[in-house]
Amino acid sequence: MLSLNQRVPSYLKAIAPYQPGKPIADIARAYGFQEDQVVKLASNENPLGMSPKGREAMLKAAGDLGRYPDGNGFGLKQALARRFGLSTQTITLGNGSNDILELVAHAFLAPGKESLMSDHSFAVYALASQAVGATLVSVPAQSHDLGHDLDGFAQRISDNTAVVWVANPNNPTGSFIPGARLESFIAGLPASVLVVLDEAYTEYLSEDETYPAFEWVQRYPNLLVSRSFSKAYGLAGLRVGYGVASAEVTDLLNRVRQPFNVNSLALAAAEASIFDDDFLARSAELNRQGMQQIQQGLQGLGIGWLRSWGNFLLIDLQAAHPTVPGAGVRVYEALLSKGVITRPVANYGLPGYLRVSIGTKNENEAFLKAMPFALESLMTLRAHAS
Ligand SMILES: Cc1ncc(COP(=O)(O)O)c(C=O)c1O
């Protein structure tokens, strides 16, 4: 008889589990810090926390947790429809936008089908594809920004391609595809290929960089736009995101969705946050200033980075330290010992890079203060190696 393990499909066993940013409590325990001495710049969270309006609505909803949430998310869908001029028939709510990505995989992928992603792009595209037995095709990145090579994507489309994942801005590279280029790519795809345009960081774009993705959904029935409340809206811990697509695609996603996939607190907080323009503007401005602060600090240390359109920066340790293998993990570990959590990205095929999320002024300062020590550890290694 087959053992339990033998019954599990080999494509499931081949999955490398997602590696999240380390929690503050873990590092405090491991290195003997108080939790408030640890700075976490590892998961592209909002350093301002959540919107005050969202918090107020969430606390109110906390009074009635004995009941199931509204499984259709009526209030939040209405709010999104009003905010962006959408029909509620085109909105799917998710337990984080991660959930939307998984719903897409369940509805559109299966063994024998392929999905395409860029070499250095969000890990969940691979996980969601592999979990349903689909074949993941990784398209080599552009060399200048490590971002999506859309011509390369177009060349890899085959009869088996069912889903194309495009993150804009992209995580972890921070790269950005201008709207006009993106639209011509979508327009050129076969109508049988679903494009997932993942806009988790779109709220950080300046006005002249934004493009009308929701209008494109009306023009291209094979386009799904996913968005998150975890980043600029500061609701990462509540888990809420949404997808916008044709009514037909939305209906398919609804069939594979858990009946109550978004909890009551998340629904209430998101519904109130979506109209908190003041909080959104403050978040974007803090990000702009912090980005500048970190770049100036890195410049002073002779370290380069890739231009980023998100709330994080991909630091290039390789250029200054080409002889140290796995420089990203080494600098990450040295920073941990100083109570600063960043994100190594070797699992994204980028062992010579380190991703740092933009924090408050003080958090960014703590990171920059610890960096000379962390870089010193690379020097020591180099001296030993030579
Ligand atoms: C590009 C991208 N998409 C989606 C997500 C998922 O975010 P969430 O599930 O919190 O909405 C992330 C999170 O880091 C991301 O970087």
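Just so you know, ligand 1 is whichever comes first in the structure, and atom 1 is the first atom listed for that ligand. Heavy-atom basis, side chains included; hydrogens, waters and symmetry copies ignored.
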Student: Is a salt bridge present between Lys53 and Asp277, judged by a nitrogen-to-oxygen distance below 4.0 Å?
Tutor: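 Salt bridge absent between Lys53 and Asp277.
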Student: Side chain to side chain contact (heavy atoms under 4.5 Å, CB included) with Phe176: which of Asn170, Leu205, Asp145, Leu182?
Tutor: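 When side chain to side chain contact (heavy atoms under 4.5 Å, CB included) is applied between Phe176 and each of Asn170, Leu205, Asp145, Leu182, only Leu205 qualifies.
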Student: Run through all N or O atoms in ligand 1 and write down each protein N or O closer than 3.5 Å, as a pair with its distance.
Tutor:
residue  : atom   : partner : partner atom : Å
ligand 1 : 3 (N)  : Asp198  : OD1          : 3.2
ligand 1 : 3 (N)  : Asp198  : OD2          : 2.5
ligand 1 : 7 (O)  : Ser97   : OG           : 3.4
ligand 1 : 9 (O)  : Ser97   : N            : 3.2
ligand 1 : 9 (O)  : Asn98   : N            : 3.0
ligand 1 : 9 (O)  : Arg239  : NH2          : 2.7
ligand 1 : 10 (O) : Ser230  : OG           : 2.6
ligand 1 : 10 (O) : Arg239  : NH1          : 2.8
ligand 1 : 10 (O) : Arg239  : NH2          : 3.4
ligand 1 : 11 (O) : Ser97   : N            : 2.7
ligand 1 : 11 (O) : Ser97   : OG           : 2.7
ligand 1 : 11 (O) : Ser228  : OG           : 2.7
ligand 1 : 11 (O) : Ser230  : OG           : 3.4
ligand 1 : 14 (O) : Tyr201  : OH           : 3.4
ligand 1 : 14 (O) : Lys231  : NZ           : 2.9
ligand 1 : 16 (O) : Asn171  : ND2          : 2.7
ligand 1 : 16 (O) : Tyr201  : OH           : 2.7

Student: Would you check if Leu313 and Met291 make a side-chain contact, meaning some heavy-atom pair closer than 4.5 Å?
Tutor: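 Yes. Closest side-chain heavy atoms under 4.5 Å.
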Student: Roughly how far apart are Ile177 CD1 and Leu150 CG, rounded to 0.5 Å?
Tutor: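 So the gap between those two atoms works out to 4.5 Å.
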Student: Hey, could you give me each pair passing side-chain hydrogen bond (donor to acceptor under 3.5 Å, both in side chains) that has a residue in residues 22-31? Not counting sequence neighbours.
Tutor: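 For residues 22-31: Asp26-Arg29.
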Student: Side chains of Pro172 and Arg343: closer than 4.5 Å at any heavy-atom pair?
Tutor: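 The answer is no; the side chains never approach within 4.5 Å.
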